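To start, the structure under review is shown below, and the notes come after it.
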There are 2 protein chains.
Amino acid sequence: MAGADGRQPTILTVAAHAGVSPMTVSRVLSGQKNVSPELSERVRASVAELGYRRNEQARSLRPGQRSGLIGVAITNIANPYYAELLLGADEVVGASGRGLLIGSTNEDEDRESTLISKFIGRQVEGLIVVPAGARRHLLPQALGGTPLVLASRAVEGARADTVLVDDIGASYEQTAALLAAGHRRIGYLGTATSVFTGLRRFDGFRMAHEDAGIELDQALVFAGQSDVQSAERVMLDLLGRRNPPTAVFCANNQNAIGAVRALRSSTARARTDPIHLLSFDNFELADVLGLPITIIDHDARELGRLAARMMLERLEGTATQPPRTVELPTRILSFVGRGRDIDASAGV
Amino acid sequence: MAGADGRQPTILTVAAHAGVSPMTVSRVLSGQKNVSPELSERVRASVAELGYRRNEQARSLRPGQRSGLIGVAITNIANPYYAELLLGADEVVGASGRGLLIGSTNEDEDRESTLISKFIGRQVEGLIVVPAGARRHLLPQALGGTPLVLASRAVEGARADTVLVDDIGASYEQTAALLAAGHRRIGYLGTATSVFTGLRRFDGFRMAHEDAGIELDQALVFAGQSDVQSAERVMLDLLGRRNPPTAVFCANNQNAIGAVRALRSSTARARTDPIHLLSFDNFELADVLGLPITIIDHDARELGRLAARMMLERLEGTATQPPRTVELPTRILSFVGRGRDIDASAGV
DNA sequence: CTGAAAGCGCTTACAG
DNA sequence: CTGAAAGCGCTTACAG
């Protein structure tokens, strides 16, 4: 409740109301022991009556005090994958009593740079970033000592704990499985290889071909789609060819959804031979589409939790070792065509 | 870059480095005119060299200065609907130079109350909330003058600009359309009617029945599912009955997805007569499922933008009128069964 | 155009 | 157990 003058009550207002010094109020608020029960009770009553809330900005100004803020910069908040990641980070950070300052970078490095600069200006204790690129603003000298945790994508030269997904391994193994099953023409739909995960997933795809001694047909490779619409267009192109692929590796959820849309479009449905989809990332309803799909699933929320935990360990001084890189394992889900499959087999 | 003592540079560090007073540095930083070009240039050089960043917490401590923070409390960040809303708010708030402090309430009123209290302690300029309930902590006397914008759901007694979706109207009209098309047994899958949107959407459903003089079969009404799994279970129950409904109104995306899952499960697919789905909220791949679906679509990102704009208008003093309530219109998408329908008809 | 003084709301020593 | 003094990093008057 605001005072009669319309201003928020301060620690002085409370002190005057309770008839004690500001220090006593401060001690009660921070839960210190050395306050007599009577004064403590009087302060508490005044706080409640005045609707006083401690000004965290003022508190954190004193040296040794922390802002209680973690800055999170994400390439696209509205992508369900990153929304899950954010929720996981929120869980862990919130439980530590801290708050989350967020911003969507829209895969724009300049926006990311500005955002991070603002976060630091707001005295965040640490930064969790899904980096749009690998530029100067993420290097140690630009961060001025603010701890950094990178999620999903690594940045060369950054001094940062990094949480990755087993992109290369899972892509390699599942591509190898398709090749072993006899597929010889496998299409590739992914983001640009300038994106860290894009490159890694393509590398797994490429290496599986090399190791199997099967030449990769560059005419079937499309690396450059970051949204559903462009993925759908590219897939329709593939489907319309005289000699279309028998399987398609979709390197993220947006590409997979685009591929599904193309497959279910009227013209494509006339096809008789089913195309096997391999999707890196799970997506809603994948298991009930009636299409043969293999999903490389991983827990985005857990990735967010893990990133936040690594951050907290740094902040609480538990982690004094050099930056670590952790790879989250993946889980394989297989759905054969027509109807819903209950028997999703777990692997890796 | 940190100074030699490992501490961040302050305005004093910069002043000493540039050989000017702190005030001159402050003037340059805030872009004031009354500084000679020479000094201004020297200050800028020192700022760059020292890697100085203004401490926003300290700056905002002075009366008349604003924190530049907006607090956003959302029931579930990972729901794609709210993730979109958040992105819309981020767009508008970010463009105003402010930052977003966020938290997921998980539909828990206590968590919401704590979160809002923390936001206010951090001196947010305003609050954007998708309220989990309608308790004291959202009433004017609890907010101490912090402006509040409510999104998706209204709260009685709150002094807040409110952005709603046309829940009642759209539910009414589309239910009426189903009844006019001859449906007499329409199932209902929704969240609890204690949730604001849950009640409004059910009201539209109920009133359409009343006005059409058709009795609503309570045995077909399930209001209490807020996640996909429970919606799927309830839908399977409905489908397993001797006399199942011919259409089902799903009052949000989670219930619709659950319904789709149930419809596509092996046993249910054996059915010959298709069940028409009416979904309040769009969801990914709805148009390519090959099921007869009517979608009541609305733009969550625009809802987020609108909420943020209303907040900014309050903050910038443009809006001095009493709180407003705005209803966002909906758009109707119709997909008939089997295959993908290009001809989505727009309406309302 | 430039700067010395005071104070925003809080907490850290230090004194009793 | 309690409180007066000083200062965190900045900006608002006020003085030159």
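All figures in this text were calculated on a predicted structure; none of them were measured in a lab. Proteins come first, then strands; the chains are lettered A, B, ... in the order of their sequence lines, and each starts at number 1. Computation of the quantities below employed the complete heavy-atom set of this structure, encompassing side-chain atoms and omitting hydrogens, waters and symmetry-equivalent molecules.
- Applying the side chain to side chain contact (heavy atoms under 4.5 Å, CB included) test to B:Ser21 and every residue at least two apart in sequence or in another chain returns B:Met23, B:Thr24.
- Residue contacts for B:Asn34: at a heavy-atom cut-off of 4.0 Å it reaches a base atom on one of the strands shown.
- The stretch residues 14-33 of chain B touches DNA chain D through B:Met23, B:Ser26, each having a heavy atom within less than 4.0 Å of the strand.
- Counting heavy atoms from C-beta outward, A:Val43 and A:Val35 have side chains that stay 4.5 Å or more apart.
- By the side chain to side chain contact (heavy atoms under 4.5 Å, CB included) test, B:Arg62 is found to be paired with B:Gln65, residues two or more places apart in sequence or in another chain being considered.
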Report summary line: Its dot-bracket string being built from Watson-Crick and G-U pairs below 3.5 Å, with | for another strand and [ ] for crossing, DNA chain C has the pattern |||.||||||||.|||

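- The salt bridge (Lys or Arg N to Asp or Glu O under 4.0 Å) search around B:Arg305 returns B:Glu91, B:Glu302, not counting sequence neighbours.
- Under the salt bridge (Lys or Arg N to Asp or Glu O under 4.0 Å) criterion, B:Glu41 pairs with no residue at all, not counting sequence neighbours.
- At a non-hydrogen distance threshold of 4.0 Å, B:Ser36, B:Leu39 from residues 36-46 of chain B come into contact with DNA chain C.
- Taking the nucleotide of DNA chain D with the nearest heavy atom to each of B:Pro63 and A:Arg62, the more 5' of the two is matched to A:Arg62.
- Among residues at least two apart or in separate chains, ring-ring contact (aromatic ring centres under 6.0 Å, His included) pairs with a member in residues 65-105 of chain B are B:Tyr81-B:His298.
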Side chains of residues 118-132 of chain A: which donor-acceptor pairs under 3.5 Å do they make with residues two or more places apart or in other chains?
from, atom 1, to, atom 2, distance (Å)
A:Lys118, NZ, B:Gly97, O, 3.4
A:Arg122, NH1, B:Ser67, O, 2.7
A:Arg122, NH2, B:Gly68, O, 3.2
A:Glu125, OE1, A:Arg98, NE, 3.0
A:Glu125, OE1, A:Arg98, NH2, 3.3
A:Glu125, OE2, A:Gly68, N, 2.6
A:Glu125, OE2, A:Arg98, NE, 3.3

Considering only distance and modelled atom types, tabulate donor-acceptor pairs under 3.5 Å from the side chains of residues 71-78 of chain B, sequence neighbours left out.
from, atom 1, to, atom 2, distance (Å)
B:Asn76, OD1, B:Ala78, N, 3.0

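- Here CZ of A:Phe196 is found 5.0 Å from CG of A:Leu164. Values are rounded to the nearest 0.5 Å.
- A:Arg159 places none of its side-chain heavy atoms less than 4.5 Å from the side chain of A:Leu143.
- Among the heavy atoms of the strands lying under 4.0 Å from A:Gln65 are primed sugar atoms or P, OP1, OP2 only; no base atom is included.
- Checking B:Val35 against A:Arg59, the closest nucleotide of DNA chain C that is more toward the 5' end is the one next to B:Val35.
- For residues 147-157 of chain B, the pairs satisfying salt bridge (charged side-chain N to carboxylate O under 4.0 Å, His left out) are B:Glu107-B:Arg153, with sequence neighbours left out.
- The shortest distance between side-chain heavy atoms of B:Val14 and B:Leu50 falls below 4.5 Å.
- From B:Leu12, atom CG reaches atom NE2 of B:His17 across 14.5 Å, with rounding to the nearest 0.5 Å.
- Running 5' to 3' along DNA chain D, contacts with non-hydrogen atoms of chain B at under 4.0 Å begin and end at D:dG9 to D:dT12.
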